[in-house]
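What follows is a short report on a single structure.
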Amino acid sequence: MPLPTVTKWTDKNHFIISKFDKQSGKSLAFEVDAKTGSEKPYTGDDLYPTRPKDLQVKNKDIYLNNGKQQERITNSPDLEEVNPEFSPDSNFIAFTRNNDLYVLDVKSKKETRLTHDGSNDILNGYASWVYMEEILGRDTNYRAFWWSPDSKSIAFFRTDETKVPLFTITDAGADHGVVKTQRYPQPGDSNPEVKIGMVSIENGKTVWTDLDEKTDQYFGRPYWQTDGKALLVQWLNRGQDQYKLYSVKPSTGKTEQLYEEKQATWINLDEEERLSFPGNNNDFLFISDKSGYRQVYYYNVAEKKMSAVTNGQFVVKGIKYADIKNKVVYFIANREHKNHDDLYRVDFNGKNLKRLTFGSYTHQVNFSPDGSYFISKYSNISTPDQLALLNNQGKLIKVLGDRKGSDFDLSKANWKDELITVKSEDGKFDLPGRISYPAKMEPGKKYPLIVVIYGGPATTATNDAFNESIFRADREQFIYAYLDHRGAYEFGKVGQNYMHRQLGHWEIKDWSQSVKWLIENKQADPDKVLISGFSYGGYMTCYALVNAPDVFKYGIAGGSVIDWKYYDSHYTERFMDTPAENPEGYKNSSVLTNIENLKGRLVLIHGMADDNVHVMNTLEFAAKLQEMNKKFDMMLYPGNTHNMIGPKLRHYNDLTKQFRYEFLIGKP
């Protein structure tokens, strides 16, 4: 049955919950008193949070949406505005046009152009591809500008891509073909040159930081201090093993180093929640995995001192709430169980650590506006989702809902899920996996095994949560396995460090160990092991079939990296260094190196317009296989980028299903 939905908090002690009423077939709203858990019918017509004013780009112009009203606020239909963003006081809108930064006064509609040298290769407030993809994040949509808290200045990246090599993408879709180019640095290539400016919206004057853009370096997302008197700039060397945090004066651009970190392997510049400000002062919380595990630190600006808030052999997955008054941090971590998410609280000084969630579950937590209460949605592999209200001391106030209906009976399902751990070959790790078996397995019968993977550093496939949707409807035919290796997220940087300069090696060793265990203990057919993945998972699929051909007999590989020298500089060099620094590592990690070992059946899938992992990867692999007269299958999708969404998804699904049925169970 549907789980109730918390639609909004009306104040710090009350929230609205929507419940499905089986008798009427409708959702009914109730107001809940968080102190007592008591509830009463809610009759207000504002069931959901009021939609704020938002901005939309339509027909290349910016429109302001305010409820049902829509107002066009720019008029340049030949030139498209990009990434409109309100100032904190909502009086101005910043955006980019033709790679220059503009600001618009909402009341007067007056536009002011803040930069004047934008071009195809000079980008002001608009990120280069490699920065968007690997550092700032896809959700930024290339935005590379940030408002100051007082709405008077904008920090921005000025990016010079002149020296970055052009990559040509060809595709079908027009009578004479489609040709696109992008600035795409591969390992060892010249990167974009970035300098950071702070521009006044009153006079248009830009102050540049004194960090030399000609240095081979990266900059992470900058953060304004809460009082706007300094900009915190994240710096990383090209080798990605030295990190610095600078404080920059907006009036002069002068920098002061606040913090430095070095690691023997690599440092993630794009670490989630790297900095967060818990209150109105300029002290901040900081995330680092320098201890071997992702932990929280507290930086005291007055004392210029960084101190540990959390410490242990567990991974802090996220900060959920920070109480500056009482100096308490509430965070999610896997301290009790590698594959669980639990909520904890700890004082800023690292004392009084306490688990606030309960049971052997994975919890998804959201706090009330003032942090006095939280609502948890929780489940495990055999228990459907439940919803509960607790206070910030971990006291259960009320169970709000249970997805498990009265007729729920897991024993009647056509599948059975199990969490397993397998000791790694070297005995150093207990490797987790989530396995789905046919419910009624015949004794002595061997079942085809399908291993679904992604597999890159700091990713995970195993979670102890009720999630039947991750397995296919044909589960009675196959054993499905989601397997993690030592470099998975739950093992922290301690495990990930094994992957340094040798991508592919430990993933295959660890997965092979888990597959062998499933063959020996869980009726998996050793002759019918299929591995399947996309992107990094496509790379691992191809790598598995040429480096562990006696274990992995079939493969479905989509959007695959074939040789790391073809992928982008920032991601690849983080783990592999440059080809000149690590030639042996690049050779050993390439799918092409041991191509002669391929003896299983492999299908290669790629979007022709892929601007992330270029189709040249798959074509290069195909060419080598043809030269060696190796049998394989291939399907290219014109118009598709680094995904299979869109009108061709059905074809892709049918193709992969046909492959599974034909080669694993001999059925159409």
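This chain uses plain numbering: 1 for the first residue, then up along the sequence. Predicted model, so just to flag it, every value in this text is computed and none were measured.
Environment of CD in Glu418: crowded, with over 12 heavy atoms of neighbouring residues, nucleotides or ligands closer than 6.0 Å. Dense packing is recorded around NZ of Lys423, with more than 12 heavy atoms of other residues, nucleotides or ligands lying under 6.0 Å away.
Judged by the 6.0 Å distance and 45° axis criteria, Lys416 is positioned over the aromatic ring of Tyr437. With a 6.0 Å cutoff to the six-membered ring centre and a 45° limit on the axis angle, Lys290 counts as a cation-pi contact of Tyr297. No cation-pi contact links Arg660 to Phe663, judged by a cut-off of 6.0 Å to the six-membered ring centre and 45° from its axis. For the pair Arg434 and Tyr482, the cation-pi criterion (under 6.0 Å, within 45° of the ring axis) is not fulfilled.
Using modelled atom types and a 3.5 Å distance limit, the side chains of Thr618 and His606 yield a donor-acceptor pair. A donor-acceptor pair shorter than 3.5 Å can be found between the side chains of Glu581 and Thr578. Donor-acceptor pairing under 3.5 Å is lacking for the side chains of Asp430 and Thr421. No side-chain donor from either of Glu271 and Tyr243 sits under 3.5 Å from a side-chain acceptor of the other. A donor-acceptor contact under 3.5 angstrom links the side chains of Glu490 and Thr460, judged on distance only. Side chains of Glu573 and Tyr567: no donor on one and acceptor on the other come within 3.5 Å. With 3.5 Å as the limit, one finds no donor-acceptor pair spanning the side chains of Ser360 and His337. Under 3.5 Å, the side chains of Ser288 and Gln295 contain no donor-acceptor pair of N or O atoms. Using modelled atom types, one finds no donor on one side chain facing an acceptor on the other under 3.5 Å when comparing Thr462 with Asn339. Side chain to side chain, Asp342 and Thr357 meet the donor-acceptor criterion of an N or O pair below 3.5 Å. Between the side chains of Lys493 and Gln263, a donor-acceptor pair is found at a separation under 3.5 Å. Residues Gln502 and Asn588 bring no donor and acceptor atom of their side chains to less than 3.5 Å of each other. If you check the side chains of Asn380 and Asp464, you find no donor sitting under 3.5 Å from an acceptor.
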| Would Asn237 and Asp241 satisfy side-chain hydrogen bond (donor to acceptor under 3.5 Å, both in side chains), going step by step from the backbone distance to the final call? | CA-CA 7 Å; Asn237 65 329; Asp241 54 9; 2.8 Å; yes
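One finds the CG atom of Leu353 at 5.0 Å from the CZ atom of Phe331 (value rounded to the nearest 0.5 Å).
For Arg601, the side-chain hydrogen bond (donor to acceptor under 3.5 Å, both in side chains) test picks out Asp633, with sequence neighbours left out.
Between Lys667 and Glu662 there is no salt bridge, since none of the side-chain N atoms of the basic residue sits less than 4.0 Å from a carboxylate O of the acidic one. Arg486 and Asp426 are joined by a salt bridge, as a carboxylate oxygen and a charged side-chain nitrogen come within less than 4.0 angstrom of each other.
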